[in-house]
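As the structure is a prediction and not an experimental result, all values here were calculated from the model. Start at 1 and go down the list; that is how both ligands and their atoms are numbered.
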Amino acid sequence: MMPSRFQSYKSFFKQLTLAVVLLTTLPILMGAKKEYTVPVEGLDSALRKPHRIPIKRMFPDKPKFATLKKSPDRTYTMDRPKPLKRQTWWTIPKELKNKAFACQFNKQHVIVVDKEKGGALVAQWMIDQLNEREARNLPTTFGLATGSSPIPVYENLVKAFREQKFKTDNLSTINLDEYIGLEPGDSNSYKQFMRQHLIADLELTDDQFHIFDSQAQSENDPEIQRLQKLLTQNPRHFQLLGIGENGHIGFNEPDDTLSAETPTRIVKLTESTRKANAPYFGGDTTKVPTHARTLGPKDILHAERIVVLAWGEKKKAAIANSILGPIKPQVPASLLQKHLNVVWVMDAEAAATLFKQGGRVTREMARQFPTLFQTPEK
Ligand code: GLP
């Protein structure tokens, strides 16, 4: 007997449903069984709860949670990755209502606030994180930056330390970068900069404050290995960053080969960066060293939380390219799009191009920053 038209439709739909179910569940089932084996040196010290950590610490572009199984050969096996949600760990205190604006661009958190209040805000986040860890008896490591951008943060940290708002016994710091070829006591070295602006006032000892040496390099640069080891032993809970006018972070200059996997290394500085930093060397670009040691994007992205600071109009193009533009080696800070916990803190001038291109301005922002957001006269 010939099947009725209705019956053939029915079997066709049955087969279609089966195919859809198979096509959608098979990859999931296969994915769930998939295991990654990762040799991670020093992970022991990084793991408080040894069985569950965000994979992003190791692979920033794979934002998943994993269960880790330790093998005798000190490798870890991860299985059943689960999606990790973007976290909102920062808060804006009530007193900054209408003075600090939080918004999102291209899934990145951006806070527009003036430099003074921004410095206080970021210092408070750092203190909160430090105190919260201190209460649980855990050590904290901050990744720190130099340049003019972090100065308001450091001023607020010093003030709060004098007011005994936090202790530094369990704090250690690792700096991003250092020039090569300066004498140890040179006032232009980043080591001296840090001592002058923060380290001495926070009463941090040499065992707590880590930075590359500014001496010239030798063959197998032991300095890179020394800092690399420190980074592994002291996973950073917070990383402070500035951004260069050409979009550099640390001393990772625009370059065709830069990627999220680029390691900590020696780099040649671009002429534009040497020129931008010349004011610290009496305005003489020739006195600015030609090379530096810097944490690579790979290590920068391993920090748990990242805050990027940008003040002033000179940063507006770099900011817009880094946040809105595609991730590309010619804009090093665009690599930060790969990290889930980045907050960009900037003033209205640095945000100008971002807002023009992204175009989301609240009435409150327009009121607070009238010159920036005024509507053109008709
Ligand atoms: C230097 C530093 C960077 C810093 C940049 C911006 O090149 N190596 O870490 O972010 O300057 O400096 P500033 O904050 O002074 O604009």
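- Close approach of ligand 1 to D177 (heavy-atom distance below 4.0 Å) involves ligand atoms 2 (C), 8 (N), 9 (O).
- E253 and T273 form a side-chain donor-acceptor contact under 3.5 Å, judged by distance and modelled atom types alone.
- A donor-acceptor pair shorter than 3.5 Å can be found between the side chains of N277 and Y179.
- Summarising the geometry of T353 relative to A317, their closest heavy-atom pair is OG1-N, 4.4 Å, with the distance given to 0.1 Å.
- Of the protein's heavy atoms, K315 NZ, 2.6 Å lies nearest to atom 16 (O) of ligand 1.
- Judged purely by distance below 3.5 Å, without hydrogens or angles, the side chains of D221 and Q225 never pair a donor atom with an acceptor atom.
- In the model, Q330 has no side-chain atom that pairs as donor or acceptor with a side-chain atom of N321 under 3.5 Å.
- T146 O, 4.0 Å is the protein heavy atom nearest to atom 4 (C) of ligand 1.
- Minimum heavy-atom separation, A100 to I111: CB-CG2, 4.3 Å.
- Interface of I243 with ligand 1, defined as ligand atoms under 4.0 Å from a residue heavy atom, comprises 6 (C), 10 (O).
- In this structure, K314 has no heavy atom closer than 4.0 Å to ligand 1.
- Under a 4.0 Å criterion applied to the non-hydrogen atoms of Y190, ligand 1 contributes the atoms 1 (C), 2 (C), 8 (N).
- At least one N/O-N/O distance between N277 and ligand 1 falls below 3.5 Å.
- Residue contacts with ligand 1, taken as heavy atom pairs separated by less than 4.0 Å, involve Y280 solely via side-chain atoms from C-beta onward.
- Nearest-residue assignment for atom 10 (O) of ligand 1 (options S149, P150, G242; heavy-atom criterion): G242.
- With a heavy-atom cut-off of 4.0 Å, H248 touches ligand 1 through its side chain alone.
- Using cut-offs of 30° and 60° on the angle between ring planes, the pair F161 and F166 is tilted.
- In terms of N/O distances under 3.5 Å, ligand 1 is approached by G250.
- The pair R136-E132 counts as a salt bridge, with a side-chain nitrogen and a carboxylate oxygen less than 4.0 angstrom apart.
- If you number the atoms of ligand 1 from 1 as listed, the ones under 4.0 Å from a heavy atom of F251 come out as 7 (O), 8 (N).
- Nearest-residue assignment for atom 12 (O) of ligand 1 (options A276, G147, P279, A145; heavy-atom criterion): G147.
- The pair D206-K191 fails the salt-bridge criterion, with no side-chain N (NZ, NE, NH1 or NH2) lying under 4.0 Å from an Asp/Glu carboxylate O.
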